Participant: 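Okay, here's the structure, questions in a sec.
In what follows, chains are A, B, ... by sequence order, proteins preceding strands, each numbered from 1. Keep in mind the model is a prediction, meaning the values are calculated, not measured.
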Number of protein chains: 2
Amino acid sequence: MQTKERTFEEAATLFKLMGDKTRLKMLAILYKDECCVCELVEIFQMSQPSISQHLRKLKNAHVVNERRRGQWIYYSLNREHPFYEQLLDLLNTLPDTQPLLNDLQVAGKRVVCCD
Amino acid sequence: MQTKERTFEEAATLFKLMGDKTRLKMLAILYKDECCVCELVEIFQMSQPSISQHLRKLKNAHVVNERRRGQWIYYSLNREHPFYEQLLDLLNTLPDTQPLLNDLQVAGKRVVCCD
DNA sequence: ACCTTTCATAAGGAAATAGTTATATATAGT
DNA sequence: ACTATATATAACTATTTCCTTATGAAAGGT
């Protein structure tokens with residue numbers, strides 16, 4: 001799975017981001033589909049600021065993108081990230097998070113927004 | 001690179017260990033060759049307790065093995081770790097650490113020990 | 001204009017982290 | 001037995017991390 005090389009600094013920064021259970025699961029969820037903040041709040045059952053702060057860290061590292069759609073701000077994996085492919089490989093080794101999104105849908109908590 | 005699945009907890013624990021620059025570099029070094037503590041102290045120019053504490057964390061997570069040879073205790077990657085192969089893939093994307101070991105050799109600081 | 005909803009940011013606190021120095025333990029050599 | 005070397009552990013400190021609550025800003029609906 002040889003990809004581009006990088007410094008220990010860069011790599012450690014990325015691993016540190018993935019070293020938090022919440023953020024890691026968050027990435028696994030965004031791998032399935034982009035999500036807005038309130039959906040993640042619902043999934044994680046954590047305070048909204050906490051979710052926002054995790055997202056900000058991921059955004060600052062260019063691991064995720066944000067885009068506003070009306071009231072909602074959607075986050076998604078950044079496909080332009082230099083180690084995006086490698087990230088996908090890692091996320092593939094994690095439990096499937098699709099059920100979480102399905103549960104959200106069933107509970108009517110999935111935000112539907114057509115822009 | 002599909003390997004075994006694991007919980008977010010397990011994965012996050014491993015990534016957290018790799019999220020520290022010193023430990024990550026340490027793993028990259030052990031990927032090249034087993035090392036004793038004093039060699040790592042020499043390479044990192046850090047206090048011996050600091051090195052030992054990092055190694056203990058890696059050992060507690062079964063990422064590395066230790067084995068005593070006389071006065072020295074050698075650490076090496078644990079090939080039995082459930083995600084050893086994946087770890088190798090990741091370490092392969094990092095800068096080569098062989099020069100560090102060569103420098104150590106040249107400086108006469110490489111511990112030679114035949115057991 | 002007003003109110004509601006969504007999200008971000010600020011401020012603060014508890015816990016974890018990574019380093020230090022000091023000390024203890026284990027092995028080797030004399 | 002004594003000394004030297006290698007390593008581990010304990011105790012401490014400074015910094016970082018992750019959460020909380022409180023507040024502010026942006027957009028939408030009436």
Participant: Consider the side chain of A:Gln71, meaning its heavy atoms from C-beta on, and name the nucleotide among C:dA8, C:dT6, C:dT27 that approaches it most closely.
Facilitator: C:dT6
Participant: Which angle, rounded to 10°, do you find between the first-five-pair axis and the last-five-pair axis of the helix from C:dA1-D:dT30 to C:dT30-D:dA1?
Facilitator: 20°
Participant: Is there a donor and acceptor pair closer than 3.5 Å between the side chain of B:Gln48 and the base of D:dA8?
Facilitator: yes
Participant: When the distance from CD of A:Glu66 to C1' of C:dT9 is rounded to whole Å, what number comes out?
Facilitator: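 Whole-Å distance recorded here is 13 Å.
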Participant: Using a cut-off of 4.0 Å on non-hydrogen atoms, how would the nucleic acid contact of A:Phe44 be classed: base, sugar-phosphate, or nothing?
Facilitator: nothing
Participant: In whole Å, I'd like the distance from the CZ atom of A:Arg56 to the P atom of D:dC19.
Facilitator: 13 Å
Participant: Between A:Lys21 (NZ) and D:dC19 (P), how many Å, whole number?
Facilitator: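 Distance check: A:Lys21 NZ to D:dC19 P gives 10 Å.
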Participant: Mind calculating the distance between NE2 (B:His54) and C1' (C:dG19) to the nearest angstrom?
Facilitator: 8 Å
Participant: Rounded to whole angstroms, how far apart are CG on B:Asp20 and P on C:dA18?
Facilitator: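 After rounding, the gap between these two atoms is 5 Å.
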Participant: Please determine, for the side chain of B:Met46, which listed nucleotide (C:dG19, C:dC7, D:dT20) has the closest atom?
Facilitator: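 Of C:dG19, C:dC7, D:dT20, C:dG19 is nearest to the side chain of B:Met46.
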Participant: Separation of A:Gln53 atom CD from C:dG12 atom P, in whole Å?
Facilitator: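 Nearest whole value for this atom pair: 15 Å.
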Participant: Could you tell me the separation between the NZ atom of A:Lys109 and the P atom of C:dT5, rounded to a whole number of Å?
Facilitator: 14 Å
Participant: For the pair made of CD in A:Glu39 and P in C:dT5, what is the distance, rounded to whole Å?
Facilitator: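 For the pair A:Glu39 CD and C:dT5 P, the rounded distance is 17 Å.
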Participant: Looking at the side chain of B:Arg68, which of D:dT9, C:dA26, C:dT21 is the nearest nucleotide?
Facilitator: C:dA26
Participant: By nearest atom, which of the nucleotides D:dT20, C:dG19, C:dT17 is closest to the B:Lys57 side chain?
Facilitator: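 Given the options D:dT20, C:dG19, C:dT17, the side chain of B:Lys57 is closest to C:dT17.
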